[in-house]
Amino acid sequence: MEDRNSMLLDKSFYIRPDVVKISRELTGKYIFTKTDGKNITGGIISETEAYAGINDKASHAYNNKRTKRTETMFMTGGVAYVYLCYGIHSLLNIVTNKEDIPHAVLIRGIIPTDGIDIIKQRTGYKKINKNSLNGPGKVTKALGIDISHDKTPLSDNIIWMEVRNEKIPKQNITVTKRIGIDYAQEDALLPYRFVLEE
DNA sequence: CTAGTGATGTAT
DNA sequence: TACATCACTAGC
């Protein structure tokens with residue numbers, strides 16, 4: 001796994017204080033999973049959003065809201081925060097920053113590279129292309145992630161990130177406002193979404 | 001455009 | 001215990 005062409009992102013990457021920067025940096029990195037007793041599936045992270053804790057009206061942890069569900073966001077960075085949205089879709093977030101500071105990055109899209117046949121099985125898609133997994137619910141379905149993976153450390157060979165040699169220049173990442181958070185008033189306009197350009 | 005889906009949060 | 005809400009998707 002770890003040679004000079006690929007390196008596991010470890011705790012020191014996730015514990016850093018600037019979640020918006022981490023969100024930008026995760027865009028273009030690789031995510032892999034080994035779930036379901038199946039082999040590795042994964043791809044290049046093509047879209048992320050930052051959720052910046054207690055002062056961000058779009059965040060589940062806004063106003064220091066601490067419940068059974070949001071407790072995960074308060075953990076030390078480097079674990080998965082997975083919750084069910086609209087009764088159907090499990091959404092995968094990466095918890096960042098130190099304990100008690102509830103920052104997270106939502107993984108909104110990947111370009112599949114590994115385990116294409118398993119991804120076809122899980123999604124039911126007959127063909128897979130670089131745009132097939134362009135939504136947060138599609139990503140978790142393809143990677144075999146559900147709410148049972150909440151609190152999973154990103155160091156356990158179940159869900160993990162790698163950096164590889166491919167250079168993703170900064171200018172190839174577009175920045176926009178976040179999706180589906182109209183309830184967040186002025187914070188809905190924050191430039192916290194990062195998308196890899198074609 | 002809209003229905004579907006169920007865990008979660010908040011109020012009773 | 002009840003009810004509204006929701007970091008979405010697929011199918012018209």
### Task
For the residue pair Asp114(A) and Thr41(A), confirm or rule out a side-chain donor-acceptor distance under 3.5 Å.
no
### Task
Find the distance Asp150(A):CG to dT8(B):C1' and express it as a whole number of Å.
13 Å
### Query
Taking OH from Tyr51(A) and C1' from dA7(C), how many angstroms apart are they, rounded to a whole number?
4 Å
### Query
Nearest 0.5 Å, what's the OG1-CG distance between Thr152(A) and Asn157(A)?
12.0 Å
### Message
By the 4.0 Å heavy-atom rule, please label Tyr192(A) as base, sugar-phosphate, or nothing.
### Response
nothing
### Query
How is Arg178(A) classified with respect to the nucleic acid when contacts are heavy atoms under 4.0 Å: base, sugar-phosphate, or nothing?
nothing
### Task
Mark this stacking check for Tyr83(A) against dA7(B) as yes or no, applying ring centres under 5.5 Å and ring planes under 30°.
no
#### Entry: Aromatic Tyr14(A) / basic Arg16(A) pairing, under 6.0 angstrom, 45° off normal
no
### Query
To the nearest angstrom, how far is Lys65(A) atom NZ from dT5(C) atom P?
13 Å
### Message
Please report the distance, rounded to the nearest Å, between CG in Leu84(A) and C1' in dT9(C).
### Response
13 Å
### Query
Taking atom P of dG6(B) as reference, at what distance in whole Å does atom CG of Asp146(A) sit?
14 Å
### Task
Taking all heavy atoms of Pro112(A) and all of Ile119(A), pick out the closest pair and write down the distance.
CB-CD1, 4.0 Å
### Task
In sequence, state the C-alpha distance, the side-chain angles, and the governing distance for Arg122(A) and Asp117(A), and then conclude on salt bridge (charged side-chain N to carboxylate O under 4.0 Å, His left out).
CA-CA 9 Å; Arg122(A) 288 181 178 144; Asp117(A) 287 339; over 6 Å; no
### Message
Check this one for me: any side-chain N or O of Arg69(A) less than 4.0 Å away from OP1 or OP2 of dG9(B)?
### Response
yes
### Query
Does dA7(C) adopt a syn or an anti glycosidic conformation, taking syn as a chi angle within 90° of 0?
syn
### Message
Does a side-chain N or O of Arg193(A) approach OP1 or OP2 of dA7(C) to a distance below 4.0 Å, or not?
### Response
no
### Query
Nearest 0.5 Å, what's the CG-OG1 distance between Leu26(A) and Thr96(A)?
9.0 Å
### Query
Lys126(A) has an atom NZ; how far is it from atom P of dA10(C), in whole Å?
13 Å
### Task
Using heavy atoms and a sub-4.0 Å distance, could you list which residues of residues 132-144 of chain A are near DNA chain B? By number, please.
none
### Task
Mind checking Ile181(A) for me? I need base, sugar-phosphate or nothing, with any heavy atom below 4.0 Å counting as a touch.
sugar-phosphate
### Approximate separation, where rounding is to 0.5 Å, of Phe32(A) CZ and Ile159(A) CD1
13.5 Å
## Note on the structure
In whole angstroms, the gap separating C1' of dC8(C) from CG of Asp182(A) amounts to 13 Å
### Message
Closest approach to the side chain of Ile179(A), judged atom by atom: which nucleotide of dT10(B), dC8(C), dA7(C) is it?
### Response
dC8(C)
### Length of the line joining Ile88(A):CD1 and dT5(C):P, which is rounded to integer Å
18 Å
### Query
Does the side chain of Tyr86(A) get closer than 4.0 angstrom to OP1 or OP2 of dA7(B) through an N or O atom?
no
## Note on the structure
Answer for the Watson-Crick or wobble partner of dG4(B), both distances under 3.5 Å, is dC8(C)
### Query
Is it the case that Arg24(A) places NZ or CZ above or below the six-membered ring of Tyr192(A), under 6.0 angstrom from the centre and within 45 degrees of the axis?
no
### Message
Looking at the base of dA7(C), is there any donor atom on it, or on the side chain of His89(A), that sits under 3.5 Å from an acceptor on the other one?
### Response
no
